[in-house]
Amino acid sequence: MIPIIPSRSRFLTVGILLAIFSLSVTQSPAQLRGSTEKVDVATFLSVEAVPAGESFNAAVVLDIADTWHVNAHIPTLDYLIGTQVTMDPKDGFIIADIRYPEPDEYEFAFAGGEALLVYGGKVPVYLDIRASSNLQPGTYEMTGSARVQACDDMNCLAPSNLPVSILIDVVEKDSEVRAIHQDVFADYDQGMAAADMSIQPGSANEIEAMFRERGLLLAFLALFFIGLALNLTPCVYPMLSVTVSIFGGQNDPNMLRVFSKALIYVLGIATMYSILGVLASFSGELFGSWLQHPWVLGGIGVLLFALALSMFGLYEIQIPYWMASRLGTGTSTGYVGVYFSGLVVGIFAAPCIGPPIIALLAFIGAQGDPVFGFWSFFVLSMGLGLPYLILGTFSGLLPKLPKSGVWMVWVKKVFGVVLVALALFYLSMPFISVSDAYWVIPISFIIGGVYLGFLESSGRGTPVFSKVKMAFGTIAIILGVIFIMNLQKEGMEWKPYEEEQIAQARNEGRPVVLDFYADWCIPCLELERITFTDSRVIEATDHMVRLKVDLTHFDSPESEEIRRHYNVAGVPTIVFLDENGNEVAAARVVGFVGPDEFLRRVEHLN
């Protein structure tokens, strides 16, 4: 009979037993060899051959010795090592899903009689894999590892990484193939989907499962709300400024026409974002990487500067009269103009990424259907654009407010200063790094505050309005000074990525954090200046080896190799490796996160 141990005593007992176990490892040859002594690995396919472009299933079967168990994928106790199958990236194949079986509950003496979740006997871990339609017939090998920790009733052996190899015979498209190993895959539908913490980095599991289980309509609705949630990221700041500037400077009294222009503008954003998303899905390029091209940055800068000059009253942007008369747009800014503006702003949306976007990229790439991919990204980007539909409509109604003449001239100049700052920012990026270009922002705050608050002549005869202008200018100057102080804060110290550093950290038993960034990536700089300057973040990562991986030139052979190795589809991406050099998938960061969320990810390593 197993005695009942009070909660505090139980944890003390567990700690003592672990200490005894760690000492005994140095003396026991069986434990010195780790869990490989008790677990064998075999792999099976669901079909005899795989037609190019088709999906298939594979099973990694763990054969566990009698009286022994391995921990469940998500173990009961924090100090136990969960079972995890990890596959290396392989050109032409995408892991869409990994399913672990339901674990059993057993009580163990070393855990004080507490019931633990474990696997025993023969344990199949199922993989959903899709083969690219571009694969040539032949035999391919996918490799990976299975991390296991074997335990019996008395103790646990050291965890081990067992090699996994899957041989795949690929045949021509539409070839007829025969199902095999049906007994192995009999329990496939009962497998526990890995959508929570077992999803592999960059896998399409979440999105693929959403379309499979919820149907097309609900899946598209979910994509719309995912797009709406992207507005919570810093990447939207330029989009907000440009939208208000474009519509706030118009003088169209017709509300319906203002709304229709805002809708056309959002359709332009959605069109560009969708095209770029599909291109990234099928080319394997980093999402947003076109921002590294000087001609793209220069074109954006020139357009923003042209819009800024119109805000200062130098001219009014409108399409040619012959085109406007045919479209019925009169002399106001035409539909073609706002649609074109939306196309350009859609490029700003490129850095708006997160785990759902990475999953959507992988899913669309696996589907091989560019039309379906376009509409998927289009629905998502319409969710992203919804706030700009509202913002554009109400910004366009500003001139209709009572007595808007004098102060509206000043407001248009405010928009002009914002656009000049953004134009200088993008025009400087081809020549200097983003971190240096960021100095344009506080300098613009200070110079713009002085000009708009104290030098600009609008409404000087109105005492109240003059005080409002001076207050605005003073606040802008103060914000600029605070911004400069923040840019001077010291952040985390990083080393350039080298493979030798990974090996050295593994030998020293130290975890590693990899920061994948690019000079053209604005959210990367947000991480650098906001998250990585937080004292709590610096302290929490002091014991780690911190390495920066430069993907500025994403198409170089070196970048291509490391991107594929770590399944990096966009920047910023932060990857955490444990003491054994294995990625802690639950800790991966995609896109910008604040200090609090970053610290929550770091906790997964403890």
S.K.: Taking atom CD of Glu493 as the centre, does the number of heavy atoms from other residues, nucleotides or ligands within less than 6.0 Å exceed 12?
M.R.: no
S.K.: Test side-chain contact (heavy atoms from CB on, under 4.5 Å) on Asp596 and Arg536 and set out the steps.
M.R.: CA-CA 9 Å; Asp596 292 335; Arg536 298 170 299 161; 2.9 Å; yes
S.K.: Do Ile574 and Arg601 have side-chain heavy atoms sitting under 4.5 Å apart?
M.R.: no
S.K.: Please confirm whether the backbone N or O of Pro101 pairs with a side-chain atom of Tyr119, one donor and one acceptor, at under 3.5 Å?
M.R.: yes
S.K.: Is Thr86 reaching over with its side chain to a backbone N or O of Gly144, donor-acceptor style, under 3.5 angstrom?
M.R.: no
S.K.: So, for Ala421 and Val440, which heavy atoms are closest and what is the spacing to 0.1 Å?
M.R.: O-CG1, 3.5 Å
S.K.: Give a yes or no on whether the backbone of Asn582 and the side-chain of Asn580 come within a donor-acceptor separation of less than 3.5 Å.
M.R.: no
S.K.: Search all heavy atoms of Pro159 against all heavy atoms of Ser35 and return the closest pair with its distance.
M.R.: CA-OG, 4.1 Å
S.K.: For Ser165, is there any backbone N or O sitting under 3.5 Å from a side-chain donor or acceptor partner on Thr43?
M.R.: yes
S.K.: Within the structure provided, determine whether Leu514 and Ile502 are in side-chain contact (heavy-atom separation under 4.5 Å).
M.R.: yes
S.K.: Can you check whether Met87 reaches Val164 side chain to side chain, under 4.5 Å on heavy atoms?
M.R.: yes
S.K.: Heavy atoms, side chains only, cut-off 4.5 Å: are Tyr100 and Val123 in contact?
M.R.: no
S.K.: For the pair Arg600 and Glu597, find out whether any cationic side-chain nitrogen is under 4.0 Å from an anionic carboxylate oxygen.
M.R.: yes
S.K.: Quick one: pull up OG in Ser444 and CG in Leu422 and give me the separation to the nearest 0.5 Å.
M.R.: 8.5 Å
S.K.: Does a side-chain heavy-atom distance below 4.5 Å link Phe532 with Thr541?
M.R.: no
S.K.: To the nearest 0.5 Å, tell me how far His73 NE2 sits from Arg147 CZ.
M.R.: 8.5 Å
S.K.: What pair of heavy atoms forms the shortest contact from Ala505 to Val545, and how long is it?
M.R.: CB-CG2, 3.7 Å
S.K.: Is it true that Gln504 and Glu508 share a donor-acceptor pair across their side chains at a distance under 3.5 Å?
M.R.: yes
S.K.: State, to 0.1 Å, how close Ser428 and Ala437 come at their nearest heavy-atom pair, and which atoms those are.
M.R.: OG-CB, 3.4 Å
S.K.: Do Val148 and Val41 make a side-chain contact, defined as non-hydrogen atoms from C-beta onward lying under 4.5 Å apart?
M.R.: no
S.K.: Stepwise, does the side-chain contact (heavy atoms from CB on, under 4.5 Å) test hold for Glu603 with Leu599?
M.R.: CA-CA 6 Å; Glu603 288 176 0; Leu599 290 170; 5.5 Å; no
S.K.: Applying ring-ring contact (aromatic ring centres under 6.0 Å, His included) as the test, list every pair that has at least one member in residues 143-164; sequence neighbours left out.
M.R.: none
S.K.: Can you find a pair of side-chain heavy atoms, one from Glu528 and one from Trp494, that are under 4.5 Å apart?
M.R.: yes
S.K.: Tell me if the aromatic rings of Tyr497 and Phe516 count as close, with their centers under 6.0 Å from one another.
M.R.: no
S.K.: Under the side-chain contact (heavy atoms from CB on, under 4.5 Å) rule, what do Ile129 and Met142 come out as? Steps first, then yes or no, please.
M.R.: CA-CA 11 Å; Ile129 307 175; Met142 295 186 70; 4.1 Å; yes
S.K.: Between the side chain of Thr531 and the main-chain N/O of Val593, is any donor-acceptor distance below 3.5 Å?
M.R.: yes
S.K.: State the CD1-CG distance between Ile269 and Leu384, to the nearest 0.5 angstrom.
M.R.: 7.0 Å
S.K.: Can you sort out the partners of Asn507 under side chain to side chain donor-acceptor pair (under 3.5 Å), two or more places apart, ordered by chain and number?
M.R.: none
S.K.: Are the side chain of Arg510 and the backbone N or O of His543 linked by a donor-acceptor pair below 3.5 Å?
M.R.: yes
S.K.: Can you tell me how far apart CG (Asp152) and NZ (Lys38) are? Round to the nearest 0.5 Å.
M.R.: 8.0 Å
S.K.: Do you know the tightest heavy-atom contact between Ile484 and Pro442?
M.R.: CG1-CB, 3.5 Å
S.K.: Please evaluate residues Tyr273 and Leu380 with respect to the criterion side-chain contact (heavy atoms from CB on, under 4.5 Å), reporting the C-alpha separation (whole Å), side-chain torsions for both, the decisive distance (0.1 Å), and the verdict.
M.R.: CA-CA 9 Å; Tyr273 191 81; Leu380 181 140; 3.5 Å; yes
S.K.: Are any non-hydrogen side-chain atoms of Met544 and Leu605 less than 4.5 angstrom apart?
M.R.: yes
S.K.: When rounded to the nearest 0.5 angstrom, what is the spacing between CG in Leu386 and CZ in Phe225?
M.R.: 9.0 Å
S.K.: Looking at every heavy atom in both Arg546 and Ile538, which two are closest together, and how far apart are they?
M.R.: NH1-O, 3.4 Å
S.K.: Can you tell me how far CG of Leu223 sits from CG of Leu228, rounded to the nearest 0.5 angstrom?
M.R.: 12.5 Å
S.K.: Would you say the rings of His604 and Phe576 are close, in the sense that their centroids are separated by under 6.0 Å?
M.R.: no
